[in-house]
Amino acid sequence: MFLKKSQKPKAKNHKSRGIIKNVFFVLCFLFFQFASIAQCAMCRAALAGEGNVAKAKAVNNGIVYLMLIPYLLVAGVFYAVYRMRKNK
């Protein structure tokens, strides 16, 4: 693509795009809050006492399972984006 002497390439404004992303990110966290404190109280009440060793292990395994899946999904998305950018 050849430009005439009177034409200047348009500068991209990346700074404003970053500000818009940051504002959107903050607004999402302000408006989409979750009450997670109640979960802790329910788990503590269910696992109180020494006779619930098997139940405590099951709850811990469930927490690890629930925590692992989102991390794997995000890692897969980042890997796919990495491969796409690498091939270009």
Side-chain angles (χ1 to χ4, degrees):
M1 176 174 159
F2 297 103
L3 297 174
K4 295 180 182 179
K5 289 183 180 181
S6 63
Q7 291 178 332
K8 293 182 181 179
K10 294 180 181 178
K12 294 181 180 176
N13 194 354
H14 294 290
K15 190 174 185 179
S16 66
R17 193 180 304 169
I19 292 171
I20 292 170
K21 285 182 184 178
N22 289 339
V23 168
F24 180 72
F25 185 72
V26 169
L27 288 176
C28 283
F29 274 101
L30 288 176
F31 292 116
F32 299 112
Q33 296 177 0
F34 299 103
S36 60
I37 297 172
Q39 290 282 335
C40 295
M42 289 175 12
C43 289
R44 188 179 309 130
L47 301 176
E50 296 179 19
N52 295 330
V53 176
K55 195 182 226 184
K57 286 183 181 180
V59 169
N60 286 337
N61 289 337
I63 291 170
V64 170
Y65 174 74
L66 290 172
M67 181 182 69
L68 184 66
I69 299 301
Y71 282 112
L72 290 176
L73 290 173
V74 169
V77 168
F78 279 121
Y79 181 70
V81 169
Y82 168 76
R83 292 288 302 243
M84 285 191 315
R85 290 182 63 107
K86 184 179 175 184
N87 290 335
K88 286 185 178 183

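These numbers were taken from a predicted model, which means no experiment stands behind them.
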Review point. Do Leu27 and Ile19 share a hydrophobic cluster, counting only Ile, Leu, Val, Met, Phe, Trp and Tyr and linking them when any side-chain heavy atoms are less than 4.5 Å apart?
Key: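 Yes, it is one cluster - the side chains of Leu27 and Ile19 are joined through contacts under 4.5 Å.
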Practice item. List in chain and number order the residues that pass ring pair (Phe, Tyr, Trp, His ring centres under 6.0 Å) with Phe25, two or more places apart in sequence or in another chain; answer none if no residue qualifies. Key: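 Phe25: ring pair (Phe, Tyr, Trp, His ring centres under 6.0 Å) contacts with Phe29.
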Check your understanding: In Å and rounded to the nearest 0.5 Å, what is the CE to CG distance from Met67 to Leu72?
Key ->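 The distance works out to 10.0 Å.
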**Study point:** Qualifying residues under side chain to side chain contact (heavy atoms under 4.5 Å, CB included), relative to Lys57, sequence neighbours excluded
**Key:**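 Counting only residues at least two positions away or on another chain, Lys57 forms a side chain to side chain contact (heavy atoms under 4.5 Å, CB included) with Val53.
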Exercise for review: Would you mind telling me which of Asn61, Ile69, Ile63, Leu68 makes a side-chain contact (heavy atoms from CB on, under 4.5 Å) with Tyr65?
Suggested key: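 It is Ile69; the other options fail the test.
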